[in-house]
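Single-structure report; data block below.
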Amino acid sequence: MSGLSTVKLNDGLEVPVLGYGTGTALYQKEAKDSVKMAYSEAKMHHIDCAEMYQNEESVGLALKEMKVKREDVFITTKCGTADPRKSLEKSLKLLGVDQVDLYLIHSPLLVKDTGLGKAWQTMEELQKEGKTKSIGVSNYRIEDLEETLKIAKVVPSANQIEVHPYVLDKAESLIDFCHSKGIHIESYGPLSSIVRHPGGPVDPVVKKIAQELGATDGQVLLKWAHQITHGGIVVTTSSKVERLVEQIKSFTDIKDLSKEQVNAIAEAGKKEHHRVFMPHMDQ
Ligand SMILES: NC(=O)C1=CN([C@@H]2O[C@H](COP(=O)(O)OP(=O)(O)OC[C@H]3O[C@@H](n4cnc5c(N)ncnc54)[C@H](OP(=O)(O)O)[C@@H]3O)[C@@H](O)[C@H]2O)C=CC1
Ligand SMILES: O=CCc1c[nH]c2ccccc12
């Protein structure tokens, strides 16, 4: 698919370790040109979509216009309503594909009235019917996973959550819980400490490690998210091709952080708490 390494989910599906996110205000409703740039110029072949981003049709058009073979792209999308079946059928049409690679429930809050168990049973049916290869969740807390696992025949393959040093205080126990159940973490918002909360205690620690590794601050943060989640998938984005290429190189050219370096960033992050998305994750 691309030169990137892959992560194997609990159902055997291989996912490129770095995903290209389309959930950014810039790409709201229109992601065609950015997906083309990410796919063809930066070789980002794992595209992270969602019904809520309202741009699945433009993602589909980008893939169609580039004549991308279905097996050459990894497509994740997320259910944005209480009805995973209706949502996935709509997403497949908009994306112009018969099957996605990974389908996630975007948030437990969307399906709490239906019941997390009932929504998960529908996800299992959709997988059985071949509409998605793998099924997972996003923004699920430990209690949400426990409720789901009570009835699950298929353990969710992934939980896509916000991961950066300033949420580690809350995320650590969830990461460990998921790891213990074989649920892979997909980290989103990994660059938040430099993009959204610059000037905090994490910055000097990341800068020092970047110098030690001959990497950029962004590359260190992407590697950190991967390593703190036990080798998890990382979803980032950029509107600039040179940054996308740099992000890919984090996983092809930059060596792993040492245990000490991972811990130093973790400790600095725990000095402050800044969550960007999904406030329920702090409840
Ligand atoms: N499941 C969920 O609930 C959520 C999922 N997501 C998914 O994750 C994706 C990524 O999330 P996001 O929070 O944007 O990820 P990041 O924290 O990686 O931030 C990406 C932003 O950082 C900027 N950036 C990229 N590289 C650098 C750099 N080296 N130095 C400084 N700034 C940089 C980019 O801007 P620029 O264009 O200027 O480079 C971009 O806007 C989303 O697009 C979406 O697909 C996101 C949020 C919630
Ligand atoms: O995916 C989570 C956050 C996000 C980014 N863009 C949008 C658009 C609509 C709903 C949620 C989001």
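Heavy-atom basis, side chains included; hydrogens, waters and symmetry copies ignored. Counting convention: from 1, in listed order, for ligands and their atoms alike.
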**Study point:** Interfacing atoms of ligand 1 (cut-off 4.0 Å, heavy-atom, G21)
**Key:** 9 (C), 42 (C), 43 (O), 45 (O)

Check your understanding: Nearest non-hydrogen atom to atom 13 (O) of ligand 1 belongs to which of E162, R196, E242?
Key -> R196

Check your understanding: Is there a donor-acceptor pair under 3.5 Å between the side chain of W120 and the backbone N or O of G136?
Key -> no

Point to revise | Electrostatic pair R70:D101 at N-O distance under 4.0 angstrom | key: yes

Review point. Do any N/O atoms on K78 end up under 3.5 angstrom from N/O atoms on ligand 1?
Key: no

Study note, to complete from the structure: Closest heavy-atom approach to atom 11 (O) of ligand 1 among S187, S138, G218, G189 is made by G189

Review point. Any idea which atoms of ligand 1 are less than 4.0 Å away from a heavy-atom of T24?
Key: 43 (O)

Point to revise | Salt-bridge present (E57, K93; N to O < 4.0 Å) | key: no

Exercise for review: Could you check atom 10 (C) of ligand 1 against the protein and tell me its nearest heavy-atom contact, residue, atom and distance included?
Suggested key: V235 O, 3.6 Å

Exercise for review: Measure from the side-chain N and O atoms of N10 to the backbone N and O of I183, and report whether any donor-acceptor pair falls under 3.5 Å.
Suggested key: no

Review point. Under 4.0 Å between a Lys/Arg side-chain N and an Asp/Glu carboxylate O for D282 and R275?
Key: yes

Practice item. Could you tell me which atoms of ligand 1, counted from 1 in the order shown, lie closer than 4.0 angstrom to a heavy atom of H106? Key: 1 (N), 2 (C), 3 (O)

Check your understanding: Of all the atoms in ligand 1, which lie at a distance below 4.0 Å from a heavy atom belonging to N139?
Key -> 1 (N), 2 (C), 3 (O)

Check your understanding: Hey, does the side chain of H164 reach the backbone of L191 with a donor-acceptor pair shorter than 3.5 angstrom?
Key -> no

Revision key, fill the gap. Quick note on ligand 1: atoms under 4.0 Å from a heavy atom of K240 include exactly 36 (P), 37 (O), 38 (O), 39 (O)

Point to revise | Neighbour list for ligand 2 [protein residues, heavy atom under 4.0 Å] | key: G23, Q28, M52, Y53, H106, F277

Point to revise | Nearest option to atom 35 (O) of ligand 1, as decided by whichever heavy atom of E186, M278, R243, E246 sits closest | key: R243

Check your understanding: Nearest protein heavy-atom contact for atom 46 (C) of ligand 1: which residue, which atom, what distance?
Key -> Y188 CD1, 3.6 Å

**Study point:** Flag, side chain of S87 to backbone of C79, donor-acceptor distance under 3.5 Å
**Key:** no

Check your understanding: Can you tell me the protein heavy atom closest to atom 37 (O) of ligand 1 and the distance?
Key -> S239 OG, 2.6 Å

Exercise for review: Please answer whether the main-chain N or O of I254 pairs with a side-chain N or O of K223 as donor and acceptor at a distance below 3.5 Å.
Suggested key: yes

Review point. Looking only at heavy atoms, which two atoms of Q160 and D48 are closest? And how far apart?
Key: NE2-OD1, 2.9 Å

Exercise for review: Classify the ring geometry between H230 and H179 as parallel (under 30°), tilted (30 to 60°) or perpendicular (over 60°).
Suggested key: parallel

Exercise for review: With heavy atoms of Q247 as the reference, note each atom of ligand 1 found under 4.0 Å away.
Suggested key: 25 (C), 26 (N)

Exercise for review: Just need the protein heavy atom nearest to atom 23 (C) of ligand 1, so name the residue and atom and give the distance.
Suggested key: V195 CG2, 3.9 Å

Review point. Taking atom types as modelled, is there a side-chain donor on S91 or E56 under 3.5 Å from an acceptor on the other?
Key: yes

Review point. Is there a nitrogen or oxygen of G23 sitting under 3.5 Å from a nitrogen or oxygen of ligand 1?
Key: yes

Review point. Just by distance, do the side chain of T216 and the backbone of Q219 share a donor-acceptor pair under 3.5 Å?
Key: yes

Practice item. Do me a favour and list the nearest non-hydrogen protein atom to atom 34 (C) of ligand 1 with residue, atom name and distance? Key: T237 O, 3.7 Å

Revision key, fill the gap. Closest to atom 44 (C) of ligand 1 among protein heavy atoms sits Y53 OH, 3.4 Å

Review point. Among I47, T236, D48, which one has a heavy atom closest to atom 18 (O) of ligand 1?
Key: T236

Check your understanding: Does L88 offer a backbone N or O that forms a donor-acceptor pair with the side chain of R85 under 3.5 Å?
Key -> no

**Study point:** Pair K78-Y53, side-chain donor/acceptor within less than 3.5 Å
**Key:** yes

Review point. Do NZ/NE/NH1/NH2 and the carboxylate oxygens of K208 and E212 come within less than 4.0 Å?
Key: yes

Review point. Should the proximity of T22 to ligand 1, defined as any heavy atom under 4.0 Å, be assigned to the side chain, the backbone, both, or neither?
Key: backbone

